[in-house]
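Quick note on labels: first sequence line is chain A, next is B, and so on, each numbered from 1. If you're wondering where the values come from, they're calculated on a predicted model, not measured in any experiment.
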Protein chains: 2
Amino acid sequence: MTDSSDKKYPVPTIRRLPSYLRVIKALDFEGREFVSATDIANELGIDSIKVRKDLAYTEATGKPRVGYRITELMHGIRSIIGWDRNSEAILVGAGCLGSALLGFPGFSKRGLNFVAAFDADREKYGTYVHECEIKPIEELEKFITERLIEIAVLTVPSFAAQQVTDRLVNAGIKGIWNFSPVRLKVPPSVVVQSENLMSGLAVFMVRMARGAE
Amino acid sequence: MTDSSDKKYPVPTIRRLPSYLRVIKALDFEGREFVSATDIANELGIDSIKVRKDLAYTEATGKPRVGYRITELMHGIRSIIGWDRNSEAILVGAGCLGSALLGFPGFSKRGLNFVAAFDADREKYGTYVHECEIKPIEELEKFITERLIEIAVLTVPSFAAQQVTDRLVNAGIKGIWNFSPVRLKVPPSVVVQSENLMSGLAVFMVRMARGAE
DNA sequence: CTGTAATCGATATATTTTTATCGATATAAA
DNA sequence: TTTATATCGATAAAAATATATCGATTACAG
């Protein structure tokens, strides 16, 4: 076990780190060498104390009146959220959303590389979506075991989600990034991270209803 | 101002309500008439006390040993998150993600109806993506003002996000559901709800790194 | 009819997260 | 050199959220 893997980072902090990274990457591109928590906070419209506390979870250390060295900070953030490592992943369910995710360049930039996609639709077999081949769902287990894939992105229709999950887990998948609105039942050793778009819509509609604050 | 619009609902509660709705809709479909907080909690793998507290924000009232009347609860939840009302919305940026959103049937079921999409790519003009016409971005303001559209879903590339936002705001848009990783500058009267996929990826990777708990 | 168990609703406690305060320090200006 | 100011890092306070406790109530079994 590495020294970083048993540290505990607050989830709200983890969620903010990618934004910080985006901001300081832009500054780095402009040639800036240092950045203060205040700079980041102003750019994102949040509180600078919160930023400083979040950054304290990185090993980066700041200098008063100057801020943090950008290269150091980028490395520290990437290290926490695992964007300095590369992983191979498969995508299951090459429908609208699945295809959109395959085409998003941001994932490979952050170390998540789609090496294959699987679908139940025979017509898609052998076709490519954004340089990723669509394979028959029948070959799922074979591919996972042969290439030792650990990460699956799940974009299948709800009714198929649990069944596909069982197959993924059985084949040795260690983590599932789930985009279907279903609570997946998996053994405790498997990580499931679910995204639900409808939560965001709900918050949006409530805020709309009460007007802007 | 209606009596519901100045009530304050905790954001975590709002985010959970769609899941509750999904669960009880399924039970309703099976013919069940009542549901307890415990039922919902078990189905979602969360704490029943939390569910009961969340449901207390609806006007639905439960009976000991029986639970809540499902029809009443569905109405109560839908009322809070605005899914009992209909809104017309436009989508700007008919790329991969935008097209995927247009094709998702869940939105119109929840009262968010895409009446048009706009894109800067001439080749797309006049084509349809999931029954929604792609119009030239030049017609954006005209369409918004003529049809009195209040909601826009933003799926344009980052570099165009602020510029498009300015146009939307200028034309009278009241709320923007933003899928680009950019902090949009808008007047205080305009609601911006931003979704950032990368937050989810970060949390996923951190959890993977420290293994399943 | 009576006792039992499940559940609600209210209240209380604990935990997490955010925000505030303050001394120390490094830079820049006077 | 001295002074002023921005910033860090640590600690403290406040706010938000989650979890626990408990009496009241209702259905159901005996």
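At a threshold of 4.0 Å, the pair A/Asp39-A/Arg32 counts as salt-bridged, since one of the basic side-chain nitrogens sits closer than that to a carboxylate oxygen.
Applying the side-chain hydrogen bond (donor to acceptor under 3.5 Å, both in side chains) test to every pair with at least one member in residues 179-188 of chain B, sequence neighbours left out, gives these pairs: B/Asn178-B/Ser180. Each side-chain hydrogen bond (donor to acceptor under 3.5 Å, both in side chains) pair with one or both residues in residues 100-113 of chain A, not counting sequence neighbours, appears once here: A/Asn86-A/Asn113. For residues 58-100 of chain B, the set of pairs meeting the ring-ring contact (aromatic ring centres under 6.0 Å, His included) definition, not counting sequence neighbours, is empty. Residue pairs satisfying the salt bridge (charged side-chain N to carboxylate O under 4.0 Å, His left out) criterion with at least one member in residues 10-31 of chain B, sequence neighbours excluded, are listed as follows: B/Arg16-B/Asp54.
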What nitrogen or oxygen pairs link the protein and nucleotides 15-20 of chain D at under 3.5 Å?
from	atom 1	to	atom 2	distance (Å)
D/dA18	OP1	B/Arg16	NH1	3.1
D/dA18	OP2	B/Arg16	NH1	3.4
D/dA18	OP2	B/Arg16	NH2	3.0
D/dT19	OP2	B/Lys50	NZ	3.4

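B/Phe104 meets the ring-ring contact (aromatic ring centres under 6.0 Å, His included) test with B/Phe107; sequence neighbours excluded. Residues forming a ring-ring contact (aromatic ring centres under 6.0 Å, His included) with A/Phe118 (at least two apart in sequence, or on another chain): A/Phe143. With sequence neighbours excluded, no residue forms a side-chain hydrogen bond (donor to acceptor under 3.5 Å, both in side chains) with B/Ser87. Considering only residues two or more places apart in sequence or on other chains, B/Arg147 meets the side-chain hydrogen bond (donor to acceptor under 3.5 Å, both in side chains) condition with B/Glu88.
Taken residue by residue, residues 17-39 of chain B places no heavy atom nearer than 4.0 Å to DNA chain D. Annotation: proximity of residues 63-72 of chain A to DNA chain D (heavy atom, distance under 4.0 Å) is found for A/Lys63, A/Pro64, A/Arg65, A/Gly67, A/Tyr68, numbered in ascending order.
Across all strands shown, A/Ser48 has no heavy atoms under 4.0 Å from either base or sugar-phosphate atoms.
Ring planes of A/Tyr9 and A/Tyr57: perpendicular class, angle over 60° (limits at 30 and 60°).
Bounding nucleotides for the chain A contact on DNA chain C, 5' to 3', at a heavy-atom distance below 4.0 Å, are C/dT17 to C/dT27.
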Evaluate the side chain to side chain contact (heavy atoms under 4.5 Å, CB included) criterion for residues B/Val153 and B/Phe114: first the C-alpha distance (whole Å), next the side-chain angles of each, then the deciding distance (0.1 Å), finally the verdict. CA-CA 9 Å; B/Val153 177; B/Phe114 291 115; 3.6 Å; yes
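Annotation: side chain of A/Ile40 is in contact with side chain of A/Leu55 (closest heavy-atom distance under 4.5 Å).
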